[in-house]
Amino acid sequence: MDAIEERLERFLVPLNDHQRRAFAYAFRTWREGGGALVAVGRGIALQAPWEGRRLTVLWAYGPAGRNRPPRLEAPLGTLARSSVPPDLVESWRDDLTTVSGMSSSVDGANPTASVSDGFDDSDARKLMESALAFARRI
């Protein structure tokens, strides 16, 4: 087992079955779509190739304390500062509003989907389809 596989296993261990399935689906779908998974700090970066480097399209975070559930976060502010064309970032921001599990603060810099019981398989599928479509456009 390589280092990222070990890190993914450790990431998934503290999650409940529902959360584990959602993240495993996200990680598998991202890889199958041609993306890379990179362990960074306490999170997992879902990265896509862009201009000769890898750009983080989504962050996966495990639970943080009692008040912070595991989540998937779209770093739109960082993407905008990374010279990704603003129209592509704004188009993805608009697309993220259709994912029912995304936070209501989608207008903020980092729309976030808390991976809780309210975040179902269709939410995970829609988010990953959206992220992969964005990655293909950049």
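- Between Ser130 atom OG and Leu96 atom CG the span is 4.5 Å, to the nearest 0.5 Å.
- Following chains of ILVMFWY side-chain contacts shorter than 4.5 Å, one cannot reach Leu127 starting from Tyr61, and the two form parts of different hydrophobic clusters.
- In this structure, Lys126 does not pair ionically with Asp123, as no charged nitrogen and carboxylate oxygen lie closer than 4.0 Å.
- Scanning both residues, Gly62 and Arg71, for their nearest heavy atoms gives O-NH1, 3.8 Å.
- Taking every heavy atom of both residues into account, Ile4 and Arg31 meet most closely at CG2-NH2, 3.4 Å.
- Applying the 6.0 Å contact sphere to CG of Asn16 captures more than 12 heavy atoms from other residues, nucleotides or ligands.
- With hydrogens and angles disregarded, no donor-acceptor distance shorter than 3.5 Å links the side chain of His18 to the backbone of Val115.
- Contact between Pro75 and Thr56 at its shortest, heavy atoms only, is CG-O, 3.6 Å.
- Of the possible polar contacts, none joining the Asp94 side chain to the Ser91 backbone as a donor-acceptor pair under 3.5 Å is found.
- Looking at every heavy atom in both residues, Gln47 comes nearest to Val38 through OE1-CG2, 3.2 Å.
- Note that CG of Leu8 is 5.5 Å distant from CG of Leu37, once rounded to the nearest 0.5 Å.
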Point to revise | Worked verdict on Ser114 versus Phe119 for side chain to side chain contact (heavy atoms under 4.5 Å, CB included) | key: CA-CA 7 Å; Ser114 293; Phe119 186 81; over 6 Å; no
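- At distances below 3.5 Å, at least one donor-acceptor pair connects side-chain atoms of Arg81 with backbone N or O atoms of Gly77.
- Side-chain atoms of Arg68 never come within 3.5 Å of backbone atoms of Pro63 as a donor-acceptor pair (strictly under, hydrogens ignored).
- Remark: the backbone N or O of Ala26 is not paired with any side-chain donor or acceptor of Thr29 at under 3.5 angstrom.
- Note that the CG atom of Leu46 and the CZ atom of Arg54 stand 11.5 Å from one another [nearest 0.5 Å].
- Closest heavy-atom contact between Gly33 and Leu132: CA-CD2, 4.0 Å.
- Classified by interplanar angle (parallel below 30°, tilted 30° to 60°, perpendicular above 60°), the ring pair Phe23/Phe11 is perpendicular.
- Note: Thr97 OG1 to Met102 CE = 10.0 Å, rounded to the nearest 0.5 Å.
- Taking CD of Glu90 as the reference point, atom CG of Leu79 lies at 11.0 Å (rounded to 0.5 Å).
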Exercise for review: Check the pair Phe134 / Asp95 against side chain to side chain contact (heavy atoms under 4.5 Å, CB included), numbers first and verdict last.
Suggested key: CA-CA 9 Å; Phe134 173 74; Asp95 194 38; over 6 Å; no
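- Separating the CH2 atom in Trp59 from the CG atom in Asn110 is a distance of 10.5 Å, to the nearest 0.5 Å.
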Exercise for review: For the pair Arg125 and Glu129, evaluate side chain to side chain contact (heavy atoms under 4.5 Å, CB included) and give the outcome as yes or no after the intermediate values.
Suggested key: CA-CA 6 Å; Arg125 186 175 54 255; Glu129 288 171 359; 3.3 Å; yes
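- The two atoms that bring Trp30 and Ala36 nearest to each other are NE1-O, 3.2 Å, heavy atoms only.
- Clustering ILVMFWY residues whenever any of their side-chain heavy atoms sit less than 4.5 angstrom apart, transitively, puts Leu88 in the very cluster that holds Trp92.
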